[in-house]
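Remarks on the structure that follows.
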Amino acid sequence: METLTDRITRYLLARIRRLAILDLYERAAAAGLLTADFLVAGDEKAGTIWRVPEKSLRLLDADPAKARAEIGRRLGKAPYKTTEIDVLIQDLPTEPVHDNIRSAPKGRTDREHRAAARRLKSGPVVASKGPEKTRSASSEFLALLREHIAPPNVAYVAVALLVARAVGLSVLDVSALSAVLRSPGAFVLIKAPVGRFERRFGLMLEDGLIVPYWTKLEDVHRSSPLSDGYGDRRRGKSRKTMKTLAGTDVPRAVERSLARFLSDVLLDRSVPVIVADETKTALAPFVSMTPDLVLECNGLDHELMAELLQVCCGIAPKRSLKRMETMAIDLDGLSIDMLALAVRSGRDLEQTLSILKVLGERARSADKSDDDDDDGRGSGRGSDRSGRPKIKNRFLIKDGDDPPKTFDGIDVVQPEKPAETSGKESSDSAATDPANSEHSRLRQLRIETLCGYGEALNWALDLKEDLQLWRDRGLAWSEMSTKLLLSGPPGTGKTTYARALCNSLQVPLLVTSVASWLEPGYLGDVLKRMSSAFEVAVENAPVILFIDEVDNIGNRAGGRREQHDDYWRSLINRLLELLDGTSKTDGVIVLAATNLPEKIDPALLRSGRLEKHVAIPLPDTEALTGILAHHLGADLAGVLASAPSGNLKTIEAARQHRACVDSDADVIDQSNDGVSQNA
């Protein structure tokens, strides 16, 4: 008798195969072996009907071996391109599927067509004008074409087996499962303690491999989503929205904030909510105890591995089980990605298991090192305030006594530590000592002592307060304003503002520019350098990423670079993706500067990107007075004393500003006493 686990496994594997067939048909159409039309004229989302053209049927006149070779040769030249429109598999070109379909003659019933498709001949078929022979020839051609289906996706198969197990272990019968899933506001938690399960599960949800429709994933808490987003992979799909949450993000979020976001979505009851969890420990009760349905399995074991090898490599399960027992294979610590690296078509059982054994040992060793090393330096991995892992693939700004000052188009600026004072007397001496001018309290660039920045100053002061709340776990990063675009004529102090913000927040500043990104020239290298800046920022969060000359990346609607539109469009699209990514990453503050804000692509200024825009005007008299007072520092008194009798208001304003700056410096020193320099 078929168990529920077997039934769900069969269903999920069938959907994986269906997607592989759709991708094969897309490649065949690109190679000229098939033709495709919209099911409904002018409606690309209604789906497609695939037909075998006459020139493809003529391939069957040759020997079957030659026909296979020719099909393989043509497919080899076609790109692996995923389908851009929703499709409906039509093995027989004359099958009636829709009343409005173009050029679709009526014929036999669906059942008769499916039966005809299974009656394939082994020898060559001569195309005939009769409809029955044409259908038979088409079926034979499609049978030859399907011999070139890509091998099963190991990652997808592994996730399918884990999901099927979770359902089988958690649900009594399929009716109980259907009752929950049919609810428009269903809340489901699925837990499989295997690394990278969350991301692969999210990709399968998007591609319609878990539920019988394409989905658009929207994260509940705007933290790291379950997948990378379907983006350009399968455009034009008609998708149903799902709200999702990754289990690994739950411990990182502020519980009160996450609970509010989650309850708001559930009370709306308009879309289902899916929590995918790959962690080995239980989630917080407000997530683990409240779902309508909890599906849970125990992760990887020998039986699941044997089934995976059977589906992907055709290896008999008994043989795999016996060999795994002999080799004492321990699957603990292996991730979905590691399975995909080890299980490859054409690789024998012995080699596959040997690779799995080594990968498992290294994974467990790395986990043990992380547990034994509190700061994570022993394994090259640590965590920031939120617990997010850091991967040292380049450098860690705070790791070591002498971090680099520049790297791959990025200048690293460390915040100046506040001058230490002990009472008013020592404070005054520190301010006036020429030997200590580098660290003078009056000359240190800080947001609190800047003049002429208007709304940008208020934004920075609010950010400073919010950053301390975030460090104390009193505020979620998603609730903060962390992206700012500064614009203004040259010389208005945009770079100065970035350095002052670095000192006030006491976090490192990464300085880059679009000009440095464009330096390599070739698109691939430019995209790599652009991505590198954001990756370094994520790895060293909390940090400020300052992007200068952001207008140089162009405007897709500008019409001034028609000759290389694809080049510039790719750069803008990539920057949009990177900015969206920082919205889902705690600790990355993005500050951009431009002299020409009107040349910036409007998409860069939308919500979640550089949504806050402040224009810095040329300084007025009051701002100029403050600027001069800052730069003169201890010399201000002497300059004022030697001033000719003239504008007494200006002199008095300078004196008052000097007193104000002196007072602000004391406040700065006191406020920084409680700020961790290593945060």
Side-chain angles (χ1 to χ4, degrees), residues 159 162-163 166 170 180 185-206 210 215 217-229 241-268 271-299 335-336 367 370-371 376 381-391 469-480 538 541-542 581-588:
V159 171
L162 289 168
V163 171
S170 309
V180 174
F187 182 22
V188 179
L189 166 63
I190 181 166
K191 187 178 183 69
V194 181
R196 305 297 281 174
F197 170 80
E198 294 173 357
R199 178 177 181 272
R200 296 295 177 179
F201 179 82
L203 288 170
M204 292 179 70
L205 271 179
E206 286 184 337
I210 302 295
T215 66
L217 304 187
E218 294 181 357
D219 200 66
V220 169
H221 196 237
R222 294 179 293 174
S223 54
S224 299
L226 289 183
S227 75
D228 293 335
T241 300
M242 276 190 177
K243 293 288 186 178
T244 56
L245 180 65
T248 51
D249 288 333
V250 173
R252 305 171 185 170
V254 177
E255 182 171 324
R256 181 177 58 183
S257 175
L258 178 56
R260 186 178 75 251
F261 277 97
L262 185 58
S263 61
D264 287 346
V265 174
L266 293 175
L267 289 172
D268 187 44
V271 294
V273 178
I274 306 292
V275 180
D277 180 26
E278 65 185 42
T279 64
K280 295 182 179 181
T281 57
L283 297 178
F286 78 96
V287 175
S288 61
M289 299 180 66
T290 57
D292 304 319
L293 182 63
V294 177
L295 308 174
E296 186 172 1
C297 66
N298 297 322
S335 68
I336 300 293
D367 290 341
D370 287 343
D371 293 338
R381 298 191 299 176
S383 61
D384 62 8
R385 196 253 349 145
S386 64
R388 183 182 64 257
K390 288 181 176 178
I391 310 300
L469 285 174
W470 174 78
R471 284 168 167 155
D472 296 336
R473 297 185 180 274
L475 186 67
W477 191 263
S478 58
E479 297 176 337
M480 300 165 53
V538 169
T582 59
S583 297
K584 303 161 186 173
T585 304
D586 288 6
V588 178

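Source: prediction; values computed, not measured. FYI, side chains are in, hydrogens and waters are out, and symmetry mates aren't considered; it's all heavy atoms of this structure.
The shortest side-chain heavy-atom distance between Thr279 and Val250 does not fall under the 4.5 Å cut-off. Phe197 places a side-chain heavy atom less than 4.5 Å from the side chain of Val163. Side-chain contact between Leu245 and Val273 is absent, with no heavy-atom pair separated by less than 4.5 Å. In this structure, Leu217 and Met242 have side chains that are in contact, with non-hydrogen atoms separated by less than 4.5 Å.
Remark: of the listed residues Val271, Thr244, Leu205, Leu205 is the sole one forming a side chain to side chain contact (heavy atoms under 4.5 Å, CB included) with Thr215.
Of all heavy-atom pairs between Val294 and Ser288, the closest is CG2-O, 4.0 Å.
Qualifying salt bridge (Lys or Arg N to Asp or Glu O under 4.0 Å) partners for Glu218, counting only residues two or more places apart in sequence or in other chains: Lys216, Lys243. Checked against side chain to side chain contact (heavy atoms under 4.5 Å, CB included), Pro193 has the following partners two or more places apart in sequence or in another chain: Lys280.
Residue Ile210 holds its CD1 atom at 5.0 Å from CZ of Phe201, rounded to the nearest 0.5 Å. Here CG of Leu295 is found 7.5 Å from CG of Leu189. Values are rounded to the nearest 0.5 Å. The CG atom of Leu262 lies 11.0 Å from the CD atom of Glu255; values are rounded to the nearest 0.5 Å. Interatomic distance, CH2 of Trp470 versus CG of Leu475, reported as 10.5 Å (0.5 Å rounding). Note that CZ of Arg200 and OG of Ser335 are 9.0 Å apart. Values are rounded to the nearest 0.5 Å. Here the CG-NZ distance, from Leu283 to Lys191, works out to 5.0 Å after rounding to the nearest 0.5 Å.
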